[in-house]
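All remarks here apply to the structure that follows.
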Amino acid sequence: MAGLMVATAANGQSLAQIVAGLKDGNAPVAPRKAAAAAVPARPRVLVDPAIDPRLLARARAAFDANRKRIRNTELVAITDFSMPSREHRFFILETNTGKVTSHYVAHGRGSDPDHSGYLERFSNAYGSNATSAGAYLTGDYYYGKYGRSMKLKGLEDRNNNAEGRAIVVHSAWYAEPEVIRDHGKLGRSEGCFAFSYASLQDVLRRLGPGHLIYADKLA
């Protein structure tokens with residue numbers, strides 16, 4: 001089917017395997033060497049094209065670079081900040097099946113000073129109130145200003161101040177779908193990944209400590 005990315009549903013499949021054949025956007029994963037005994041072909045699965053293949057390739061590179069630090073590889077989150085806040089742009093990818101679920105997520109007000117609904121720039125600076133790009137490792141749960149939340153650790157030079165800046169995953173009133181209905185966009189965080197209450201429950205349930213979250217913008 002045109003526009004869909006093909007992957008192999010092998011047990012224990014990593015993100016690297018899922019995106020290994022995405023150079024042309026539709027290429028299948030290279031076949032493995034034949035085993036000594038004949039093995040029935042596994043069914044192919046489709047990776048949701050909601051995730052831009054260029055962003056998926058960047059996430060793959062981040063996954064590979066940080067593989068030793070990622071304890072849980074069955075789920076990876078990818079955030080496409082090229083998209084406006086009124087669209088689902090936080091994607092949870094099941095690496096063994098290619099299935100994707102998505103959520104609304106707010107960006108930092110320092111990244112969108114005119115409150116256009118679009119992320120204009122990233123920053124890792126203290127006091128910037130901006131979103132940072134790059135790979136994050138999910139940390140421990142805790143209870144804070146917004147209730148149950150989750151800590152993050154930045155794994156790159158462009159987001160390594162995340163812990164010091166208290167960049168975390170939490171819920172917020174300004175990230176509820178009703179805000180989009182009334183204003184055409186979400187409100188803004190201080191750089192955190194802010195979700196609706198319902199979305200946060202799904203994110204915290206599925207992305208416990210030791211998962212990769214990758215955030216970036218294509219243009």
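Treat the numbers as computed from the prediction; the structure is a model and nothing was measured.
Remark: the backbone N or O of G210 is paired with a side-chain donor or acceptor of T138 at under 3.5 angstrom. Between the side chain of E156 and the main chain of A135, a donor-acceptor pair closer than 3.5 Å is present. Side-chain N or O atoms of N72 include one that pairs as donor or acceptor with a backbone N or O of P209 at under 3.5 Å. Under the 3.5 Å distance criterion, the side-chain polar atoms of N161 are matched with a main-chain donor or acceptor of N124. Of the possible polar contacts, one joining the R188 side chain to the D112 backbone as a donor-acceptor pair under 3.5 Å is found.
Crowding of Y126 atom OH: a count of heavy atoms from other residues, nucleotides or ligands under 6.0 Å exceeding 12. Surrounding CG of D182 are more than 12 heavy atoms belonging to other residues, nucleotides or ligands, all under 6.0 Å away.
Residue pairs satisfying the ring pair (Phe, Tyr, Trp, His ring centres under 6.0 Å) criterion with at least one member in residues 159-211, sequence neighbours excluded, are listed as follows: F90-F195, Y136-F193, Y146-H170.
The side chain to side chain donor-acceptor pair (under 3.5 Å) test with T101 is passed by exactly one of R206, E94, H88: R206.
R67 and D64 are not joined by a salt bridge, as no carboxylate oxygen comes within less than 4.0 angstrom of a charged side-chain nitrogen.
How far OG of S82 is from CZ of R89: 9.5 Å, rounded to the nearest 0.5 Å. If you take OG1 on T131 and CZ on R121, they are separated by 11.5 Å, rounding to the nearest 0.5 Å.
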